[in-house]
There are 2 protein chains.
Amino acid sequence: MITPVDQSAPLPAQSRPYHHGDLRKALLAAAVEELAEKGIEGLTLRGCARRAGVSHAAPAHHFGDVTGLLTEVAIAAQAKLAATMREAIARAERGSAEHVIASALGYVRFALEHPGEFGLMFRRERLRPDDPGLLAAGAESFGLAADAVGAFLGRREPMSEPQSARQIAALWSLAHGFAGLMLAGQFGPVATAAASLEALLPDMVRALFGLAPANRPEDLATISMIARRR
Amino acid sequence: MITPVDQSAPLPAQSRPYHHGDLRKALLAAAVEELAEKGIEGLTLRGCARRAGVSHAAPAHHFGDVTGLLTEVAIAAQAKLAATMREAIARAERGSAEHVIASALGYVRFALEHPGEFGLMFRRERLRPDDPGLLAAGAESFGLAADAVGAFLGRREPMSEPQSARQIAALWSLAHGFAGLMLAGQFGPVATAAASLEALLPDMVRALFGLAPANRPEDLATISMIARRR
DNA sequence: AAATCAATCTTGACACTGTAAAGTTGATGA
DNA sequence: TCATCAACTTTACAGTGTCAAGATTGATTT
């Protein structure tokens, strides 16, 4: 499964300065691009170096090894995920069902828009899972979802903590699993599945929180289609 | 990220016959073992060949390339998943809530018992996702869950109703996401998380289907612990 | 201003990988 | 008996991550 690669140095060796300037940032950007174009499996350290226009061993001086680079990419991805969720919940009233739904929608939207980065965030063996920065970055998006659930449950009636914890874990699992299954092609081609995101997920979340579905009639066809995929 | 490997042939070249006997089966078994011991990232074609006691190029004659081998491993894994779910469902009455819950429990149990194989099943880029055998094998476990949901919702033909389709997708997403997050270490160490599987998942499923939780008091501590992980 | 230093980047090497091509082996059918 | 052919090995090649050692350069010290 090794495909030929442009082995030539990206720039004539003479035309670029010996010192890059901000190689660290350039390598991170290169990694994100490689991730988007070729996926995790296709990303290589040497490929990132080529894209940044430096020798194959240059990245080591900034990130140690490949897991070091990917860890920092994952940290940035976590920040982007939190930003996407924040944007999604911006217009929702805190404590409302829409607030909870929006947080889940933001989560899945990020996954579909940045499948490579999203996948990387949960590949323990490809990064340093105990990195403090990574843990802190991950706590952000988790906090957004937890706050949404807590506010919603607290508004209706004071819920016991375990019940709220369970609903947080359930919401996260639901969104995470939905995203993962879509990206794995289990709901059909990603393109068609993405179209049904906004139709399906909100009612899933509503069901999880004991609320009545709010489907528009035109969404129903899409839903049936997904179920009939086998 | 390359760790040293026992490069010596597993058997003195003279002591084994030129023809293996059933190399195909031996290689599949070797792949499953490598998967269990080293995970997907650690599995290599040459490693499987070494473990089976043949030359590194032998697998090509039976599986073409590495994706061919992994596709067949994934097919077998799908069958195991269906078997685990069937076993979990066996004692539950069809149409009951326990029936639905058991199917989800079986799904997640398989994931935790065989993380490597479970992960492989959803790695499109590492196998041939359109392989007819793989699709057929995947339809088995999906059918079990779909039937459980359909029977519970009181409809003979589960696919006919969008509502049922949505609940099937939601159940699958919930179980899949829960398994994935546990395996990714997002609920703390896998060992402790696994202990809370039976405590958490049933009530998650109950919530999804609008049923009251049925937690035993001793489960509550575990649940809080998970929510407090950050 | 000159010398030194440390960070940055390159070159070269090594062990490993997947895959292709060509050569061996041994069982099977004419 | 002997030709055939699938099963397996050997050899080779391009690509990979990582290490060690050398080259370059901007910054710091004298």
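Every chain is numbered from 1 and lettered A, B, ... according to where its sequence line falls, protein lines coming before strand lines. Keep in mind the model is a prediction, meaning the values are calculated, not measured. Scope of the values below: all heavy atoms of this structure, side chains included, with no hydrogens, waters or symmetry mates.
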Integer-rounded Å distance: [N] [atom2] and [X] [atom1]:
X: A:Arg46; N: C:dC9; atom1: CZ; atom2: P; value: 17 Å
X: A:Phe63; N: D:dG17; atom1: CZ; atom2: P; value: 14 Å
X: A:Asp65; N: D:dT18; atom1: CG; atom2: P; value: 5 Å
X: B:Leu70; N: C:dT17; atom1: CG; atom2: P; value: 15 Å
X: A:Leu45; N: D:dG15; atom1: CG; atom2: P; value: 16 Å
X: A:His62; N: C:dA6; atom1: NE2; atom2: C1'; value: 14 Å
X: B:His56; N: C:dA22; atom1: NE2; atom2: P; value: 15 Å
X: B:Glu41; N: C:dT17; atom1: CD; atom2: P; value: 14 Å

Task: Residues in side chain to side chain donor-acceptor pair (under 3.5 Å) contact with A:Glu113, at least two apart in sequence or another chain - done: none
Just N and O in the side chain of [X]: are any of them under 4.0 Å from OP1 or OP2 of [N]?
X: B:Thr44; N: C:dT17; result: yes
X: A:Arg50; N: D:dT16; result: yes
X: B:Arg24; N: D:dC8; result: no

Task: Partners passing side chain to side chain contact (heavy atoms under 4.5 Å, CB included) against B:Leu45 (at least two apart in sequence or in another chain) - done: B:Pro59, B:Val66, B:Leu69
TODO: Ignoring the backbone of B:Val54, work out which of C:dT19, D:dT9, C:dT10 is nearest its side chain.
DONE: D:dT9
Open item on the list: Need to verify one output field. Residue with the more 5' nearest nucleotide on DNA chain D, B:His61 or A:Leu43?
Closed with: B:His61
Open item on the list: Does B:Ala57 reach a base, just sugar-phosphate, or nothing at all? Heavy atoms under 4.0 Å.
Closed with: base
TODO: Determine the contact category for B:Ala60: base if any of its heavy atoms lies under 4.0 Å from a base atom, sugar-phosphate if only primed atoms, P, OP1 or OP2 are that close, otherwise nothing.
DONE: nothing
Open item on the list: Quick check for you: to the nearest 0.5 Å, what is the distance between B:Leu171 atom CG and B:His176 atom NE2?
Closed with: 13.0 Å
Task: SB check A:Glu87 A:Arg109 (cutoff 4.0 Å) - done: no
Open item on the list: Quick check: closest heavy atoms across A:Ala52 and A:Leu23, and the distance to 0.1 Å?
Closed with: CB-CD1, 4.1 Å
